[in-house]
Amino acid sequence: MACRRSFQSFRRFHYYFSSAFSQVSSSLLCCGFSHTYGYMFHAYSSLAQQLLDEISQPNFPDFHNVIRRHSDERSFTQVLQVYASMLSHGFLPNGSTLNFIIKACTALPALSFGWAVHAQAVLLGFEAATFIQNGIIVMYARFREIATARAVFDKLANKDVVSWTSIMSGYVQNGYPFDALQIFRTMRIDSTVIPDFIALVSALKACMDVGDLEQGSSVHVLVVKFGVEDEPDLLTTLIAMYAKCGQVHVARYVFDQVTSPEPLLWNAMISGYAKNGNAEEAVDLFKEMVARNVQPDSITLRSAILACAQVGCLEAAKWIWGSANANGFESDMFVSTAVIDMFAKCGSMALAHSVFESIPKKDVVVWSAIIMGYGLHGQVKEAIELFHGMILSNIQPNDVTYVGLLSACKHSGLVEEGRRYFYSMKEHAIEPRHQHYACLVDLLGRSGHLEEAFMLIREMPMAPKVTVWGALLNACRIYSNVELGKYAAEQVFAIEPTNAGHYVQLSNIYACFGMWKDVARIRVLMKERGAKKPMGFSSIEINGKLQSFYAGDKSHSRSMEIYAMLDKLEAKLKKFGFLPHIDLVLHDVGHEEKEVSLRNHSERIAIAYGLISTPPGTTLRIIKNLRACVNCHSATKLISKFEQREIVVRDANRFHHFKHGLCSCGDYW
DNA sequence: GAGCTCATGT
């Protein structure tokens with residue numbers, strides 16, 4: 001109810017106002033009010049103010065209506081200004097006015113004002129008004145005052161579904177999904193409130209954040225039980241939940257039930273694929289979305305771009321970039337930066353660079369992306385030039401810029417420079433993080449500075465992770481250092497006991513010295529601990545489509561031709577005096593067998609398939625999930641020479657550009 | 001009156 005009070009009673013309100021709530025924070029409240037409205041009233045002039053000024057004696061409905069109109073227009077600062085003005089005219093709010101004020105405080109967010117409004121609501125007798133208290137719960141959740149929100153919720157006598165949903169989503173938004181689920185359970189067990197679809201959305205989001213498939217599925221059951229499975233927004237969260245829990249097929253099943261999915265639903269599904277590593281499906285679904293004339297937004301594009309960067313398919317990358325431009329995202333910084341990264345990871349620094357050039361105001365992230373890209377391709381000179389260009393443009397490098405710069409040095413073996421950049425980070429007030437140490441340890445180790453690398457590890461202010469010890473182990477393998485290698489391996493095994501790659505590294509060190517007993521011991525250890533080597537595979541891009549091969553793969557329909565080509569390649573390699581490095585094969589088998597298994601590595605099969613599927617002179621683009629092996633690397637160099645092909649290989653860590661018998665990595669990787 | 005997709009670089 002609107003109340004017209006005398007000036008005296010208004011003063012009395014202020015008296016209660018500061019004395020009754022002094023335990024909360026009297027100074028805050030006083031500031032929040034007498035200050036805020038007084039200050040605001042004099043400092044600002046708004047349209048609403050002018051409107052009010054035109055009325056010589058504005059009454060309560062005048063103020064209320066102006067507040068409502070500003071609220072509808074989302075001009076929340078003005079809502080508070082007019083409210084302050086209303087109070088100074090001696091009017092007090094009714095429940096409806098208060099809701100507009102609470103909403104404005106929440107949206108801005110206006111903390112001190114919000115506290116004061118809460119106090120005012122209590123004084124005006126709205127303590128048991130569920131529709132007011134619900135808004136206050138949301139407001140405190142927004143202020144990250146989740147304990148206060150909970151206190152308001154607990155005190156509320158008549159909790160409706162909105163009260164429950166408000167506190168539940170408050171917990172979710174503040175990063176406490178377990179508490180949110182606890183609230184949901186309490187609501188189901190201790191109250192008669194029936195959850196509606198918004199309550200279920202919040203519960204699903206909590207399950208998603210926890211990654212709890214079992215609870216998520218049980219909420220899905222409720223969705224069906226309460227017959228809200230046709231709510232588009234609920235489906236979005238349901239799909240995201242299943243995708244987050246790794247059940248991308250279930251997510252797709254839900255998606256397929258919808259006849260004309262909304263853009264948000266496409267986004268949830270595409271990003272679900274991208275996050276689960278089903279990158280090809282993500283790109284295909286994006287293409288389908290565009291084919292069905294659904295307008296992609298910046299989130300769709302970012303998800304598709306991320307997926308494409310993962311698979312590394314250049315044709316798909318060009319297509320996505322084209323559709324980003326066609327839909328008006330060519331000047332979206334977030335999209336452009338992601339595109340730079342995508343082109344770099346799809347093997348085209350030329351395209352990455354042209355996008356980079358097209359960005360008028362480059363921020364630190366844009367610069368970092370391009371520097372990282374050149375590093376990935378072993379073009380350290382360009383990376384360093386860009387780094388200095390960035391500083392000349394008055395853009396301060398950050399820790400990620402240095403990751404890019406150091407990894408560029410690492411990929412090219414620039415020890416001096418890498419060391420210098422690492423220690424110069426302090427000049428830019430950047431504390432080296434774990435990744436920076438990992439880069440420098442790798443760089444020092446690969447260049448034979450094993451002692452210095454080890455010393456650096458000992459000086460690290462944080463616990464070294466597997467990347468650091470793994471880099472040292474790798475260096476020990478290269479330089480055949482048994483003692484240090486054993487030590488590094490122990491650290492690595494303790495962190496990742498089931499990663500077979502580490503065992504192979506140590507085993508190779510032993511094999512190098514003919515310590516076959518130790519090799520056998522490692523093999524037993526691997527078996528005991530259930531360590532498995534990930535299956536190596538290589539993919540090749542033919543006409544924009546990726547075709548994948550495993551080592552010794554004979555499943556392809558053109559397998560006969562592929563193996564005939566492999567025989568031809570083998571003969572030519574022999575003619576060019578190619579000698580396989582057989583030491584690196586873990587298994588203790590005869591020489592001939594080793595040679596056979598080497599020539600059947602997935603990379604070689606992919607190349608053979610590329611040679612029989614494309615016209616002479618076409619660049620072959622290969623993507624593999626493991627690091628390039630020494631044999632394949634040497635063989636690919638020779639193949640690029642006698643087949644006169646440029647071969648671009650993306651391995652697990654970086655790019656190799658093979659041309660005229662040489663590789664861009666300079667045999668350093 | 002309450003809710004959701006993603007969030008550029010390692």
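The figures that follow rest on heavy atoms only: side chains count, while hydrogens, waters and symmetry mates do not. Naming: A, B, ... by sequence-line order, numbering from 1 per chain.
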Distance col, row A:Ile132:CD1 vs A:Ile137:CD1, nearest 0.5 angstrom, shows 12.0 Å
Length of the [atom1]-[atom2] vector between [X] and [N], whole Å:
X	N	atom1	atom2	value
A:Trp367	B:dG9	CH2	C1'	15 Å
A:His411	B:dT10	NE2	P	10 Å
A:Phe422	B:dT10	CZ	P	19 Å
A:Met462	B:dT10	CE	P	19 Å
A:Phe356	B:dG9	CZ	C1'	13 Å
A:Gln310	B:dT10	CD	C1'	14 Å
A:Ile430	B:dT10	CD1	P	17 Å
A:Asn398	B:dT8	CG	C1'	12 Å

Could you tell me whether A:Asp160 contacts a base, only the sugar-phosphate backbone, or nothing, with contacts defined as non-hydrogen atoms closer than 4.0 Å? base
Checking all strands, does A:Lys410 fall into the base, sugar-phosphate, or nothing category for heavy-atom contacts under 4.0 angstrom?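 Answer is nothing: A:Lys410 stays at 4.0 Å or more from every strand.
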State which of B:dT10, B:dG1, B:dT8 makes the closest approach to the side chain of A:Val365.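 Within the option list, the nearest is B:dT8.
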In this structure, is the centre-to-centre distance between the rings of A:Phe422 and A:Tyr437 below 6.0 Å?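 Yes, they do, as the ring centres are separated by less than 6.0 Å.
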Short side-chain to backbone donor-acceptor contact, A:Arg446 and A:Gly413, under 3.5 Å: no
A:Arg142 (side chain) donor-acceptor with A:Thr106 (main chain) under 3.5 angstrom: yes
Generate the contact string for nucleotides 2-7 of chain B. Rules: B means base contact, S means sugar-phosphate contact only, - means no protein heavy atom under 4.0 Å. BBBBBS
Between A:Lys155 and A:Glu127, is the closest basic N to carboxylate O distance under 4.0 Å? yes
Pair A:Lys624 + A:Asp651: basic N to acidic O under 4.0 Å: no
For residues A:Cys308 and A:Cys346, report the shortest heavy-atom separation together with the two atoms involved. O-SG, 3.7 Å
